[in-house]
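Down below is the structure, laid out as structure tokens.
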Amino acid sequence: MPTEFVLSPLLAVAGAAAGRQSILDGRGYKNPPCFWCVVIADPGSNKSYPQKLISDPLLDINKVLAEAYDEELQEWKAKCAAISKGSKDGNAPQPPKPQKRRVCVSDTTREALAEILVGSPDGLCQIRDELSGWLGDIGRYGKSGEISTYLSYWTGEGFTIDRKSEESTAIVDAVLYNLCGTIQPGILADSFSQQHISNGFTHRFMFFWPQIVAKKVIERTPTVPDMTAWNSLINSLYSLRQQKITLTLSDEANNVAMDYEREIEDSKDVADVVPYEKGVLSKLDIIMLRLACVARMLAIADGDNSHEVTATEMKWACDLCRYLHQTQMRVYEELQSGNRQRPMNDRELIRAFFKRFESKGVTQGKLAKLLNTSQPYISQCVNPKAKPTQKTELSEQ
């Protein structure tokens, strides 16, 4: 099984369990472990099974929270009844209704998700087997502002809900909303639109796309993984929320982070870097810190009490960001080819080739010689708005 199948849900689940009370204060930012993780693999690759195993502890916590809510609700109803009975007109002020709390959800609307986050702002993970359904629901009913709402969740911003039915207002200062799911490479272009690319929505995802998926081994007696240690680790992370842990960087970890930030800035200055890649790189320095945060929180949950991120943890975070950079660009190429309505014609191919390799020393003259055509024709392809000076088709040269 590819490591990606395990690591993707692991980060989203662990980050949600630790919650927004776990903060890495370093490099001028305060970052909680917020992650939007996606496994990309063909159907039949068994990519959903690890996600289920890894997210099960959150479902168990959900059950405990549901039982606690039922008790709180019964107590609230009893208090309301007693207050009403004791008042002369029956209109005495009632205590606020308890909020449902969860650590994970699956299929839900944006409005329902917002209500859930009101009661669960400290950490929530949305788990979708096929993420294409979630992506398809965004904007399906003509609702405006859906994408901007999710973008604000990624940054951890709070929000306000005016409830008309209850004539009340719910104010949330900050949230931690994680997401994990799977998707097939063949439907990437149908799921992520050009709008998702242009507004930076796609840039925020962490794509886990293994190069090779080994053939499934068929066993006479299939083994079921022992998840006891993992369940214990997630419960420990969840219990740490009460401590409101703030992490810092060791001097060595800070140096590693600085080196990677320089690497990012150098990558942005490469002549042939596309705007999409610059957007991805701008998010990776944030994701780097979030990864370091969850790495240290997992260590604390496992018994290491230090609140200082180590150089080893930061190196791991940087290496993973380098991998995510590569997979982001694989996704971008897939989206570009999938969203193209028709094959490029000769002129478009020449223009694209020239723009791509102009910085490498390719001139219009060299390209004309290579294609056995005239330089004016190449010039017309590269600058289509210019007035043509002679025949402009390759077949006519």
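- Between the side chain of Ser337 and the main chain of Glu334, a donor-acceptor pair closer than 3.5 Å is present.
- Under the 30°/60° scheme for interplanar angles, the aromatic rings of His196 and Phe192 are found to stand perpendicular.
- Checked against side chain to side chain donor-acceptor pair (under 3.5 Å), Asp226 has the following partners two or more places apart in sequence or in another chain: Thr228.
- The hydrophobic cluster containing Tyr69 also includes Leu73, Trp76, under a criterion of side-chain heavy atoms closer than 4.5 Å among ILVMFWY residues, counted directly or through chains of members.
- In terms of modelled atom types and a separation under 3.5 Å, the side chain of Arg204 and the main chain of Lys283 share no donor-acceptor contact.
- With sequence neighbours excluded, the residues satisfying ring-ring contact (aromatic ring centres under 6.0 Å, His included) with Trp134 are Tyr150.
- A donor-acceptor contact shorter than 3.5 Å links the side chain of Asn178 to the backbone of Ala12.
- Here Asp56 pairs with Lys52 under the salt bridge (Lys or Arg N to Asp or Glu O under 4.0 Å) rule; sequence neighbours left out.
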From CA spacing to verdict: side-chain hydrogen bond (donor to acceptor under 3.5 Å, both in side chains), Thr155, Glu157: CA-CA 6 Å; Thr155 57; Glu157 297 176 16; 3.2 Å; yes

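- In this model, no donor atom of one side chain and acceptor atom of the other lie less than 3.5 Å apart for Ser198 and Gln195.
- Under the side chain to side chain donor-acceptor pair (under 3.5 Å) criterion, Asn255 pairs with no residue at all, not counting sequence neighbours.
- Using a 4.0 Å cut-off between charged nitrogen and carboxylate oxygen, Lys268 and Glu265 count as a salt-bridge pair.
- Linking ILVMFWY residues whenever their side-chain heavy atoms come closer than 4.5 Å, directly or via other members, leaves Val273 and Phe354 in distinct clusters.
- For the ring-ring contact (aromatic ring centres under 6.0 Å, His included) test, no residue two or more places apart in sequence or in another chain qualifies with Tyr29.
- For the atom pair CD1 (Ile264) and CG (Asp259), the distance works out to 11.5 Å, reported to the nearest 0.5 Å.
- A side-chain donor from one of Gln94 and Ser84 sits under 3.5 Å from a side-chain acceptor of the other.
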List the atom pairs, donor and acceptor, that lie under 3.5 Å between side-chain atoms in residues 30-41 and the rest of the protein, sequence neighbours left out.
{"from": "Asn31", "atom 1": "OD1", "to": "Arg290", "atom 2": "NE", "distance (Å)": "3.2"}
{"from": "Trp36", "atom 1": "NE1", "to": "Tyr177", "atom 2": "O", "distance (Å)": "3.3"}

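- Asp302 places no side-chain N or O within donor-acceptor distance of the main-chain N or O of Leu298, the cut-off being under 3.5 Å.
- Remark: side-chain polar atoms of Ser379 are not paired, donor with acceptor, to backbone N or O of Gln375 under 3.5 angstrom.
- Sorted by first then second residue, the salt bridge (Lys or Arg N to Asp or Glu O under 4.0 Å) pairs that include residues 62-79, not counting sequence neighbours, are Glu72-Arg101.
- Between the side chains of Ser48 and Asp129, a donor-acceptor pair is found at a separation under 3.5 Å.
- Once rounded to the nearest 0.5 Å, the distance linking CG of Leu131 with CD of Gln184 reads 12.0 Å.
- Here CZ of Arg351 is found 11.5 Å from CG of Asp346. Values are rounded to the nearest 0.5 Å.
- In this structure, Gln51 contributes its side chain and Arg128 its backbone to a donor-acceptor pair below 3.5 Å.
- For Arg322, the salt bridge (Lys or Arg N to Asp or Glu O under 4.0 Å) test picks out Glu263, Asp319, with sequence neighbours left out.
- Note: Phe5 CZ to Leu53 CG = 13.5 Å, rounded to the nearest 0.5 Å.
- Side chain of Ser120 to main chain of Arg102: a donor-acceptor pair is present (N/O by atom type, distance under 3.5 Å, no hydrogens or angles).
- Under the 4.5 Å side-chain heavy-atom criterion for ILVMFWY residues, no single connected hydrophobic cluster contains both Leu11 and Ile23.
- Using a cut-off of 4.0 Å between Lys/Arg side-chain N and Asp/Glu carboxylate O, Asp122 and Arg241 are scored as not salt-bridged.
- Listed by chain and residue number, nothing satisfies the salt bridge (Lys or Arg N to Asp or Glu O under 4.0 Å) test with Lys366 (two or more places apart in sequence, or in another chain).
- The closest donor-acceptor contact from the side chain of Arg330 to the backbone of Trp209 lies under 3.5 Å.
- Counting only residues at least two apart or in different chains, ring pair (Phe, Tyr, Trp, His ring centres under 6.0 Å) contacts with residues 257-306 comprise His203-Tyr276, Tyr276-Tyr332.
- Applying the salt bridge (Lys or Arg N to Asp or Glu O under 4.0 Å) criterion to Asp285, with sequence neighbours excluded, gives no partner residue.
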